[in-house]
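So that the names make sense, note that chain A is the first sequence line, chain B the second, and so on, each numbered from 1. No experiment lies behind these values; they were computed from the predicted model shown.
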Protein chains: 2
Amino acid sequence: METRELRYFVAVAEELHFGRAARRLGIAQPPLSRAVQQLERRLGVTLLERTSRGVALTDAGSVLLQEGRAALDAVEAAERRTRRAAAPAGSPGLVLVTKAGASTELLAKLLDAYAAEPGAVDVDVVLCGIGEQERYLRDGRADVAFLHRPFDSTIGLDTEELLTEGQVVLLPAGHPMTARPHLCVDDVAAIPGLPMPRWPRDDGSYPDGPGPEVHDNTQLLQLVALGRTTAILPESVRTHLHDDIVTVPVLDAPSVTTVIAWPPHSRSLPLAQLIRTATRL
Amino acid sequence: METRELRYFVAVAEELHFGRAARRLGIAQPPLSRAVQQLERRLGVTLLERTSRGVALTDAGSVLLQEGRAALDAVEAAERRTRRAAAPAGSPGLVLVTKAGASTELLAKLLDAYAAEPGAVDVDVVLCGIGEQERYLRDGRADVAFLHRPFDSTIGLDTEELLTEGQVVLLPAGHPMTARPHLCVDDVAAIPGLPMPRWPRDDGSYPDGPGPEVHDNTQLLQLVALGRTTAILPESVRTHLHDDIVTVPVLDAPSVTTVIAWPPHSRSLPLAQLIRTATRL
DNA sequence: GTCGTCGATACCCACCCGGTATCGCAGCTG
DNA sequence: CAGCTGCGATACCGGGTGGGTATCGACGAC
């Protein structure tokens, strides 16, 4: 199976439409039809049910979509990491990815400590959206990531725990609840007039509900300060807050563990050193 | 990057010889040279240092060898799992791989228990060589594996622990040491006339030493019964021994944990059910 | 110096990828 | 029901490229 065939099939499987998939791939529709037919012939498997009105995936097609994406990521990772390995000195030796606005203190400490080590290489920091770190590791855009259990999945990755912290609720300054020494999750959910915000799902759509739609941290903080919403976050957010937002510990919210994670087959020396530095913080 | 190019490069990188690699790939040498050159041009990276006497890998080449193998495994896995997903009923719904001769009791119990579950599918059992399970999972020849910590690496796999057991030393019946209630590793190493056997390394070669070369369990048991060697193994081997071999507990040998392991992105229902059955044993 | 080995180059043929034009089929519309 | 429209498949064509054979150039070994 060639990666070209795989890319073509994945495009069709995602669009469920040959014409759109062909446009996305920058080719005409007939060669795409032919390529997918050829793939099916070679595999001896029907991947798509075609009607004159559209396309649907078979069971085997779903499997190939899932496994094919992983395979394409692996090929892409091989390409990227090879290019980086050959890049001249001065280019980043390691790329670390983390959610924007999370664990910045810890990250700064790690980067400082690592930079002081003998033989340290340049570390690029990439900020990504929520839950995207795994993808960055799998397709080679990053070598190592900060993840936050229990929110981010760490399956398929090697990890070391760095820091566990409780969670606090963010409230606009002056809100009556800020007088309380601590709260419970149920208390927070029941606060009148402060619905929880709605974060985008993986596919980009938003769940229904009363709260405002948010997609990043600054947006969230602004909405909290404006008294439009509230949020439960790890207590380390406090270092980034002005006095227009007050935090109250939430006793029964799950504690959040920041972990450093990397693809299991990594073999790079600088990466090993960075991880060692991180575990010693 | 196309899988053909990757396969070609990996062959050359493994053989470090264009002629041999071409023979292995079933093509002539000139097209192979050209394909690798083209790959290097496309990547903008020198992968191989050529001399008129042979070939050596550059740093970038080593990275691509490592990452490329993983990528090719992923592509192969996609292909195999797709074919299997389309295979008609009656073909194996799950493939379980384990080291030959290990955990047979536990495996039998699992297969029985799972077969009794409603909606159970056929499970194929594949026996592999030592430490090969991970490869089977990565390239799609198997869906799930039995591994034995601390011997087998479980990095990059999801696992559940099934059974932890101590280890025993195997001695020929009548050996003076069999009178002892228990032994230590050092005691075993010091037994005169019974050197430890030599297992093949990953590359197939054998380490130096006085013991006999062995590559499977029956071979080992026969050599133990003949008084030529000894071995320290998990205590569950006892169910397969005749009275010509006696076991003695080894107190300070690391205990062995049998785990069931699967690739982290698995999504199959039968697999989930098999794992659930296993954890309930 | 000569020969053998190994990778690169030159050249050729056939296949296949990608393009355009068109078909066949099924809804929808009036 | 005729005709239009949208979609995937088919037919056909040209150029690129993957594969082959023959040969070269460099370097070690004898």
*Which residue lies toward the 5' end of DNA chain C, B:Pro31 or B:Arg20, if each is placed at its nearest nucleotide?*
B:Arg20

*Is A:Ser33 near enough to D:dA9 that one of its side-chain N or O atoms lies under 4.0 angstrom from OP1 or OP2?*
yes

*asked:* Using 0.5 Å steps for rounding, measure from the OG1 atom of B:Thr229 to the CZ atom of B:Arg198.
replied: 10.0 Å

*Between which nucleotides of DNA chain C, read 5' to 3', does contact with chain B run, using atoms under 4.0 Å from its heavy atoms?*
C:dG4 to C:dC11

*Can you tell me the distance, in whole Å, between the CD atom of B:Glu5 and the C1' atom of D:dG19?*
15 Å

*Working for side-chain hydrogen bond (donor to acceptor under 3.5 Å, both in side chains), residues A:Gln29 and A:Ser33*: CA-CA 6 Å; A:Gln29 169 259 319; A:Ser33 285; 3.1 Å; yes

*asked:* Regarding B:Gln29, tell me which of base, sugar-phosphate or nothing describes its non-hydrogen contacts under 4.0 Å with the strands shown.
replied: base

*Can you tell me how far the CD atom of A:Glu132 sits from the OG1 atom of A:Thr98, to the nearest 0.5 Å?*
12.0 Å

*Given atom OH of B:Tyr8 and atom P of D:dT17, what is their separation to the nearest angstrom?*
15 Å

*Between D:dG18 (C1') and B:Leu32 (CG): distance, integer Å*: 12 Å

*asked:* Strictly below 4.0 Å: does B:Arg34 bring a side-chain N or O up to OP1 or OP2 of D:dG19?
replied: no

*For B:Arg135, which residues count as a side-chain contact (heavy atoms from CB on, under 4.5 Å) partner, sequence neighbours excluded?*
B:Asp73, B:Arg138, B:Asp139, B:Arg141

*Of the candidate nucleotides D:dC12, D:dG18, D:dT21, which contains the atom at the shortest distance from the side chain of B:Arg4?*
D:dG18

*asked:* Just checking B:Asp124: does its CG atom have more than 12 heavy atoms from other residues, nucleotides or ligands closer to it than 6.0 angstrom?
replied: yes

*Indicate whether OP1 or OP2 belonging to D:dG18 is found under 4.0 Å from a side-chain N or O atom of B:Gln38.*
yes

_Closest to the A:Phe18 side chain, choosing from D:dG8, D:dA11, D:dG20_ = D:dG8

*Under 3.5 Å, side chain of B:Gln66 to main-chain N/O of A:Ser266, donor-acceptor pair present?*
no

